[in-house]
**Student:** 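Just passing along the structure, written as C-alpha cells.
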Number of protein chains: 2
Amino acid sequence: MAGPTRWLTPEEQAAWRAYLGSTRLLVHALDRQLEADAGLSFTEYETLVRLSEAPGRRLRMRDLAGASAATRSGVTRTVTRLERAGLVRRVECEQDRRGMHAELTDAGAAALAAAAPGHVASVRAHLFDHLDPADVGRLRELFGRIRDGLDVTGEGAQAVPPAA
Amino acid sequence: MAGPTRWLTPEEQAAWRAYLGSTRLLVHALDRQLEADAGLSFTEYETLVRLSEAPGRRLRMRDLAGASAATRSGVTRTVTRLERAGLVRRVECEQDRRGMHAELTDAGAAALAAAAPGHVASVRAHLFDHLDPADVGRLRELFGRIRDGLDVTGEGAQAVPPAA
DNA sequence: CCCGGATGCTTGACCGAGCAACGATCGAAG
DNA sequence: CTTCGATCGTTGCTCGGTCAAGCATCCGGG
C-alpha cells in the first residue's frame, strides 16, 4: 500500500452507489424483458448481436469470449444453448483444426430481429431517455477510458501501485 | 409498441457498449480483488457495509434486500454464509416474530475494516482516477435519475408506454 | 522428423442467484 | 374472537457462470 487510505468523499460514495445500484437494476430489467419477450437471456442476445455483425455471420469462440468479457467455458455453454435452440450452428475451422466457429443461422437472425426492437425500446426507456446528447458523449468517452484501463492491464497488482 | 423502432445512434451504441463492458470488467475486478485480499465476495462485502452503517449494526432481512437490489432469498443465503464465517449474527425481532435481524459481530466489523482499504484503493484505481470532480457530480446525478426511474416503477410495462 | 510447450475448446465440479412455493406470523375487517 | 389476505424469511429447483483439468491440435527448436 502506498499510504493512508484515501476514502471516498460523500459525493464519490453517492455517485458510486447510484452507479452500482442503477446498473444492477437496469441489467436485471433488460434481462427480464428479453426473457419474457423473446425467450433469450441478455448474454444470449449479446452473443447473437456479435455474430450478426461479424463477416459471414460467424466468429471463432475465442473472439466471442474476448468481445464479451466472458470466459471460454461460458461461451461454450452459451453457444451450446443457442445451438440447441437452432439459432446458431457450430462450424469447424479449416485453418485451425482446433478452432470452432459459431455461425448465426437464419432462425437466429430472425430471432434477433424479433427481439431487437423491444430490447432497444427498453434501453431507451431506462437509460437514454434520461440522458441528453452531451451526456451520451461524455459517458462514452469516460467509460471507454475506464474499460481501456481495465482490460489491457488485467492484473490486480496494478490496482494498488507500489509507490508512484 | 408506439411506433417504428428508434434504433440507437452509433454514438449511443458506442456509449452503451463501453458502459456495459467497463462495468462488467470493473465489478469482476473488484470481486477478484476482494476475494483474494479478504476472502469476501463483493456481495458479502456490501452486506457488511450496510450493516456497519445501520443503527445498532443490525438490519432486517427485508431492508437488506431492498438496499441491495437483491432478492430476499439471496439475502438469506448471503447472511447464512456470513453467519457461518462468524461475521454476522442472526437476532430475532421482538416487534415482529416473523422478522429477523442480521447483526454485525465484532469479527465482522474487523473483517470489514481489514477489507475496506484495499477495496477503496481498487475502486479509485479503476474508476475515480479516470474521473474529475465534475464527472463525479454528473455521474451521481445521472445515475440517480436512472435508478429512480427503475426501482420505483419496478414493472416492465412502463418500459414501453402505450402512447404518451 | 520428432518433441515439448502453448493454445483452443470442452467437460466436471462447484458456487451464487433467482423464482416459486411454503409455513409462520401479522393486521384489519366483520 | 375469528378469519382472511398480506408479509417475512427460508428452502427446493434450476440456470448460468467460473475454475481447473482434459484432450486435440499447432508450432518452433533440436
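Computed from heavy atoms alone, side chains included, the values below leave out hydrogens, waters and symmetry copies. In what follows, every chain begins at residue 1, and chains take the letters A, B, ... in the order their sequences are listed.
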**Student:** Should A:Arg81 be listed as having a side-chain N or O under 4.0 Å from OP1 or OP2 of D:dC15?
**Tutor:** no
**Student:** Do B:Ser68 and B:Glu46 have side chains that approach each other closer than 4.5 Å (heavy atoms only, starting at C-beta)?
**Tutor:**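 No - every pair of side-chain heavy atoms lies 4.5 Å or more apart.
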**Student:** Take the C1' atoms of the five end pairs on each side of the helix from C:dC1-D:dG30 to C:dG30-D:dC1, get both axes, and report the angle to 10 degrees.
**Tutor:** 10°
**Student:** Counting the atoms with a prime plus P, OP1 and OP2 as sugar-phosphate, which does B:Arg72 contact under 4.0 Å by heavy atoms, base, sugar-phosphate, or nothing?
**Tutor:** base
**Student:** Please state how far atom CD in B:Glu92 lies from atom P in D:dC8, giving the value in whole angstrom units.
**Tutor:** 17 Å
**Student:** Does a nitrogen or oxygen in the side chain of B:Arg60 sit under 4.0 Å from OP1 or OP2 of D:dG9?
**Tutor:**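 It does, given that an N or O in the side chain of B:Arg60 lies less than 4.0 Å from OP1 or OP2 of D:dG9.
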**Student:** Looking at B:Thr71, I'd like to know whether one of its side-chain N or O atoms comes within less than 4.0 Å of OP1 or OP2 on C:dA17.
**Tutor:** no
**Student:** Is a donor-acceptor pair below 3.5 Å formed from side chain A:Ser73 to base D:dC19, judging by atom type as modelled?
**Tutor:** yes
**Student:** Please tell me if B:Arg77 has a side-chain N or O lying less than 4.0 Å from either OP1 or OP2 of C:dA17.
**Tutor:** no
**Student:** Has A:Arg98 got a side-chain N or O lying under 4.0 Å from the OP1 or OP2 atom of C:dT7?
**Tutor:** no
**Student:** I want to check one thing: is the phosphate of D:dG16, taken as OP1 and OP2, less than 4.0 Å away from some side-chain N or O of A:Thr78?
**Tutor:**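 It does not, given that no N or O in the side chain of A:Thr78 lies less than 4.0 Å from OP1 or OP2 of D:dG16.
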**Student:** Over all strands shown, is B:Arg97 touching base, sugar-phosphate only, or nothing at heavy-atom distances under 4.0 angstrom?
**Tutor:** sugar-phosphate
**Student:** Heavy atoms, side chains only, cut-off 4.5 Å: are B:Leu20 and A:Val27 in contact?
**Tutor:** yes
**Student:** Any side-chain heavy atom of B:Thr78 sitting closer than 4.5 Å to one from B:Glu44?
**Tutor:**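 The answer is yes; the side chains approach within 4.5 Å.
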**Student:** Whole-Å distance between C:dC9 C1' and A:Arg90 CZ?
**Tutor:**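 Checked: the CZ to C1' distance equals 9 Å.
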**Student:** Using a 4.0 Å heavy-atom cut-off, does A:Thr80 contact any base of the nucleic acid, only the sugar-phosphate backbone, or nothing at all?
**Tutor:** nothing
**Student:** Do A:Asp106 and A:Arg57 sit within salt-bridge range, that is, some charged N less than 4.0 Å from a carboxylate O?
**Tutor:**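 Looking at A:Asp106 and A:Arg57, the cut-off is met.
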**Student:** Identify, with sequence neighbours excluded, every residue that meets ring pair (Phe, Tyr, Trp, His ring centres under 6.0 Å) alongside B:Phe128.
**Tutor:**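 Result, ring pair (Phe, Tyr, Trp, His ring centres under 6.0 Å) vs B:Phe128: none returned.
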**Student:** Just how far, in rounded Å, is C1' of D:dT25 from CZ of A:Arg62?
**Tutor:**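 Checked: the CZ to C1' distance equals 13 Å.
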**Student:** Under 4.0 Å from OP1 or OP2 of D:dC19: is there any side-chain N or O of B:Arg32 that close?
**Tutor:** yes
**Student:** A:Met100 has an atom CE; how far is it from atom C1' of D:dC23, in whole Å?
**Tutor:**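 For the pair A:Met100 CE and D:dC23 C1', the rounded distance is 14 Å.
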**Student:** With nearest nucleotide decided by heavy atoms, which residue, B:Gly99 or A:Glu44, maps closer to the 5′ end of DNA chain D?
**Tutor:** B:Gly99
**Student:** Less than 6.0 Å separating the ring centroids of A:His119 and A:Phe42?
**Tutor:**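 Distance test on ring centres: under 6.0 Å, yes.
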**Student:** Determine whether A:Val91 and A:Val88 fall in the same hydrophobic cluster, where Ile, Leu, Val, Met, Phe, Trp and Tyr are linked whenever their side-chain heavy atoms lie under 4.5 Å apart.
**Tutor:** no
**Student:** In whole Å, what is the span from the CG atom of A:Asp63 to the P atom of C:dC9?
**Tutor:** 8 Å
**Student:** In whole Å, I'd like the distance from the NE2 atom of A:His101 to the C1' atom of C:dC9.
**Tutor:** 13 Å
**Student:** Between A:Gln95 and A:Val75, which is nearer to the 5' end of DNA chain D once each is assigned its nearest nucleotide?
**Tutor:** A:Val75
**Student:** I want to verify a distance call: between C:dC26, C:dC9, D:dC26, whose nearest atom is closest to the A:Met61 side chain?
**Tutor:** C:dC9
**Student:** Does a donor on one side chain and an acceptor on the other come within less than 3.5 Å for A:Thr80 and A:Arg90?
**Tutor:** yes
**Student:** Base, sugar-phosphate alone, or nothing: which one does B:Ser41 contact when heavy atoms must sit under 4.0 Å apart?
**Tutor:** nothing
